[in-house]
Amino acid sequence: MGKGIIGMDAVQRTDNIRNAFRIGIMCLLSYLSVDVARNILGAVSPQMMEQGVATTEQIGSLSSFYFITYAVGQLINGGIGNRVKAKFMICGGLAAAGICLLLIPSLADTFSAVYIAYGMMGFFLSMIYGPMTRVVAENTVPAYTTRCTLGYTVSFFLGSPVGGLLAAIMSWQNVFVTGSILLFVMGGVCYIAFQRLEGRHIIRYDHQPVGKKSNGLKPLLKRGILLFAFISMLTGIMRTSVVFWMPTYLSQQLGFSPQRTALFFTIATFVMAANSFAAIFLYEWLFHRNMEQAMLVFFLVSALLFALMYQIKNPVLNAVFFILAVTASCCAATMLYSIYCPSLRDTGSVSFAAGFVDFASYVAAALSSMLFANAVSVIGWDGLIWIWFGLMAAGAVLILLYMLGMVRKDSLHSGQQVSAL
């Protein structure tokens, strides 16, 4: 009898691992297509400017406009994702974004139309994250939920080199077309995958019945959603805006050649892509699944490395400190997206919470990117380094206050929630 129970447990565990793997692969592939599409503009902008299709100012404003529409879309679609089946949100968003991307080359002569198409693409791509996080949180055993969400942060940094590779071998028009095909294909693949997984009851919506109202904001407020949204703003500035300006810093401040800048930025991209695995490993084995302790250390390490950047001017060491400082902040972001958001499954508002947190991240990234461009000419790169140091120090202070009881005791401590994983 005992052996039979043990055997059943082993089979159930194998099924849980297999199901989490299937959902995790779907997350990785769908998000990789999103991040490739998101990085296409940056990859092809040199070609577009060289051919007189767009100016530097137009490319910059187009990028900022995307951040805004994507952020607003996260807020709206995150809420919708609590009530609508994820397959309709995700697959529809990928296909609609593919149409927008496909139209851009034919609209290039009327750049105002490009703004509309690119902005709509940002809105449609925002239909993916919240609903996908809901699927992961509600359909995987907590022990494997974290692994499934790793695909988000990995694909976030892999999208840039993939986009760069496409731009290196194709014309800018064909890069947009290829990106649109990728979105169409992934939309179709995800729909088929959802159909199969739903048919086998691997993906279900029992936890929060579709069409019914979620439990509202009160449970999220008790879990510190506003605090963690602000932390998302800090990490969003690092992983989006600061990373965007990294090549400029390497060339202008450190005097790297274009080839050396490209090499270091490529290395940085892959190091930051690996941060998710490092963050989860440290979270489990060093911090014993205590999310707050992990985030506190990651913020402190990032702040220390930015301080070392100011003190040590050797170009290579300075660049290494820069890469590691941003990577440490990305580790804090991994705690936010892979641990905190999925831990909210019992609130019935995972999709909204994930969308709201990502909304805060991209709003901060859009605003800071414009401010950093002006700040360099006013306070210089050294001054900007101290601003980055201050942002990471602020993150550490906020987490420390949270650990000391900033949130009421009747709230569910996120560290307690994830410790059961």
For the [atom1] atom of [X] and the [atom2] atom of [Y], what is their distance to the nearest 0.5 Å?
{"X": "Gln74", "Y": "Leu125", "atom1": "CD", "atom2": "CG", "value": "9.5 Å"}
{"X": "Thr347", "Y": "Asn82", "atom1": "OG1", "atom2": "CG", "value": "7.5 Å"}
{"X": "Cys330", "Y": "Leu336", "atom1": "SG", "atom2": "CG", "value": "12.0 Å"}
{"X": "Met48", "Y": "Leu62", "atom1": "CE", "atom2": "CG", "value": "7.5 Å"}
{"X": "Ser338", "Y": "Met291", "atom1": "OG", "atom2": "CE", "value": "11.5 Å"}
{"X": "Leu101", "Y": "Ser180", "atom1": "CG", "atom2": "OG", "value": "5.5 Å"}

#### Entry: Pair Gln293-Leu286, side-chain contact (heavy atoms from CB on, under 4.5 Å): steps then yes or no
CA-CA 10 Å; Gln293 286 184 9; Leu286 180 62; over 6 Å; no
Are any non-hydrogen side-chain atoms of [X] and [Y] less than 4.5 angstrom apart?
{"X": "Met246", "Y": "Val242", "result": "no"}
{"X": "Phe298", "Y": "Val301", "result": "no"}
{"X": "Met295", "Y": "Tyr340", "result": "no"}
{"X": "Arg200", "Y": "Arg22", "result": "yes"}
{"X": "Thr178", "Y": "Met170", "result": "yes"}
{"X": "Arg38", "Y": "Tyr66", "result": "yes"}
{"X": "Phe184", "Y": "Leu94", "result": "no"}
{"X": "Asn139", "Y": "Ile202", "result": "no"}

#### Entry: side-chain contact (heavy atoms from CB on, under 4.5 Å) between Leu220 and Leu226, intermediate numbers included
CA-CA 8 Å; Leu220 296 178; Leu226 296 180; over 6 Å; no
Mind checking what makes side-chain contact (heavy atoms from CB on, under 4.5 Å) contact with [X], not counting sequence neighbours?
{"X": "Ala113", "value": "Leu107, Thr110"}
{"X": "Ile181", "value": "Val177, Val185"}
{"X": "Met127", "value": "Asn77, Met89, Phe124"}

Aromatic contact between [X] and [Y], with the criterion being ring centroids under 6.0 Å apart: yes or no?
{"X": "Tyr283", "Y": "Phe287", "result": "no"}
{"X": "Tyr249", "Y": "Phe322", "result": "yes"}
{"X": "Phe264", "Y": "Phe256", "result": "yes"}
{"X": "Phe321", "Y": "Phe306", "result": "no"}

So, does [X] use its side chain to make a donor-acceptor pair with the main chain of [Y] at under 3.5 Å?
{"X": "Arg345", "Y": "Arg134", "value": "no"}
{"X": "Thr235", "Y": "Ala333", "value": "no"}
{"X": "Gln58", "Y": "Thr55", "value": "yes"}
{"X": "Ser351", "Y": "Gly78", "value": "yes"}
{"X": "Gln252", "Y": "Pro247", "value": "no"}
{"X": "Tyr129", "Y": "Tyr31", "value": "no"}
{"X": "Thr327", "Y": "Ile323", "value": "yes"}

### Query
When you check the side-chain N and O atoms of Ser368 and Ser241, is any donor under 3.5 Å from an acceptor?
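The criterion, which ignores hydrogens and geometry beyond distance, is satisfied for Ser241 and Ser368.
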### Task
Report yes or no: do Tyr337 and Ser232 form a side-chain donor-acceptor pair below 3.5 Å?
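Indeed, the side chains of Tyr337 and Ser232 share at least one donor-acceptor pair under 3.5 Å.
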### Message
Against Phe67, only a single residue in Tyr362, Phe123, Phe359 fulfils ring-ring contact (aromatic ring centres under 6.0 Å, His included); can you say which?
### Response
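Only one of Tyr362, Phe123, Phe359 forms a ring-ring contact (aromatic ring centres under 6.0 Å, His included) with Phe67, namely Tyr362.
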### Task
Could you walk me through whether Phe176 and Ile40 pass the side-chain contact (heavy atoms from CB on, under 4.5 Å) test, one step at a time?
CA-CA 7 Å; Phe176 278 107; Ile40 281 178; 3.7 Å; yes
### Task
Return the orientation label for the Phe352 and Phe356 ring planes: parallel under 30°, perpendicular over 60°, tilted otherwise.
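Judged by the thresholds at 30° and 60°, the geometry between Phe352 and Phe356 is parallel.
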Nearest heavy-atom pair of [X] and [Y]: which atoms, and what distance?
{"X": "Ala396", "Y": "Leu296", "answer": "O-CD1, 3.4 Å"}
{"X": "Ser302", "Y": "Ala325", "answer": "OG-O, 2.8 Å"}
{"X": "Met186", "Y": "Ser30", "answer": "CE-N, 3.7 Å"}
{"X": "Tyr70", "Y": "Gly122", "answer": "CD1-O, 3.3 Å"}
{"X": "Ser329", "Y": "Met238", "answer": "OG-CB, 3.2 Å"}
{"X": "Ala360", "Y": "Ala229", "answer": "CB-O, 3.5 Å"}

### Query
Going by the salt bridge (Lys or Arg N to Asp or Glu O under 4.0 Å) test, which pairs reach into residues 353-369, not counting sequence neighbours?
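Listed once each, the pairs are Arg239-Asp358.
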### Query
Does any pair with a residue in residues 87-110 pass salt bridge (Lys or Arg N to Asp or Glu O under 4.0 Å), and if so which ones, sequence neighbours excluded?
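Residue pairs passing salt bridge (Lys or Arg N to Asp or Glu O under 4.0 Å), neighbours aside: Lys87-Glu198.
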### Query
Restricting to pairs with a member in residues 85-112, which pass ring-ring contact (aromatic ring centres under 6.0 Å, His included), not counting sequence neighbours?
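Output for this query lists Phe111-Tyr115.
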